[in-house]
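Let me begin by presenting the structure, written as structure tokens, before commenting on it.
In this text, all values refer to a predicted model and were calculated from it rather than measured experimentally.
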Amino acid sequence: MSLFIILTVIQAIVAAALVGVVLMQRSEGGGLGIGGNPSGALGARGAADFLTRSTKWLAVAFVTLSIVLAAVAVSESSVGEVTSDLDRDVSAPTTEDLLGAPAGGDAPAEEGGAASAEDLLGAPAPAETPAE
């Protein structure tokens with residue numbers, strides 16, 4: 001497996017752990033704080049200190065892994081630098097490509113030199129009703 005995939009899996013595990021630790025913390029409104037015995041090593045104060053320290057170190061690991069993953073992605077990509085020009089290999093479509101009719105004077109035209117709707121679309125033009 002490549003280094004990028006391994007680091008991505010570790011990043012996902014750290015992110016899930018960070019979300020879990022943050023949700024376990026007691027907030028102003030109560031949050032999802034864990035109940036239990038308020039005294040002892042994992043009492044309210046002990047658990048709060050542990051969760052706070054865990055949050056700090058998981059956040060540091062998450063940011064560090066994000067920076068390392070960005071560096072690995074740049075080094076593994078085929079493009080070594082960012083360019084700002086719009087270099088395109090695709091040419092603009094011609095009138096013939098768009099309408100299916102030859103460009104220029106090859107299309108049958110009505111008076112005035114413009115091609116009719118029937119010529120361009122292959123369907124008869126709508127009938128005009130006389131104004132009453």
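- Note on L7 and V60: separate hydrophobic clusters, where clusters join Ile, Leu, Val, Met, Phe, Trp and Tyr whose side-chain heavy atoms are under 4.5 Å apart, directly or indirectly.
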Show every donor-acceptor pair shorter than 3.5 Å between a side-chain atom in residues 12-19 and any protein atom, with sequence neighbours excluded, or say none if there are none.
none

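- If you take CZ on F50 and CD on Q25, they are separated by 10.5 Å, rounding to the nearest 0.5 Å.
- Following chains of ILVMFWY side-chain contacts shorter than 4.5 Å, one cannot reach W57 starting from V63, and the two form parts of different hydrophobic clusters.
- For the residue pair Q11/S66, the side-chain donor-acceptor check at 3.5 Å is satisfied.
- Both I6 and F4 are members of a single hydrophobic cluster when ILVMFWY side chains are connected at heavy-atom separations under 4.5 Å.
- Taken from CG in L23 to CG in L51, the straight-line distance is 11.0 Å, to the nearest 0.5 Å.
- Taken from CG in L69 to OG1 in T8, the straight-line distance is 4.5 Å, to the nearest 0.5 Å.
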Practice task
List the steps, then state whether side-chain hydrogen bond (donor to acceptor under 3.5 Å, both in side chains) holds for E76 with S2.
Solution key: CA-CA 10 Å; E76 286 186 3; S2 72; 4.8 Å; no
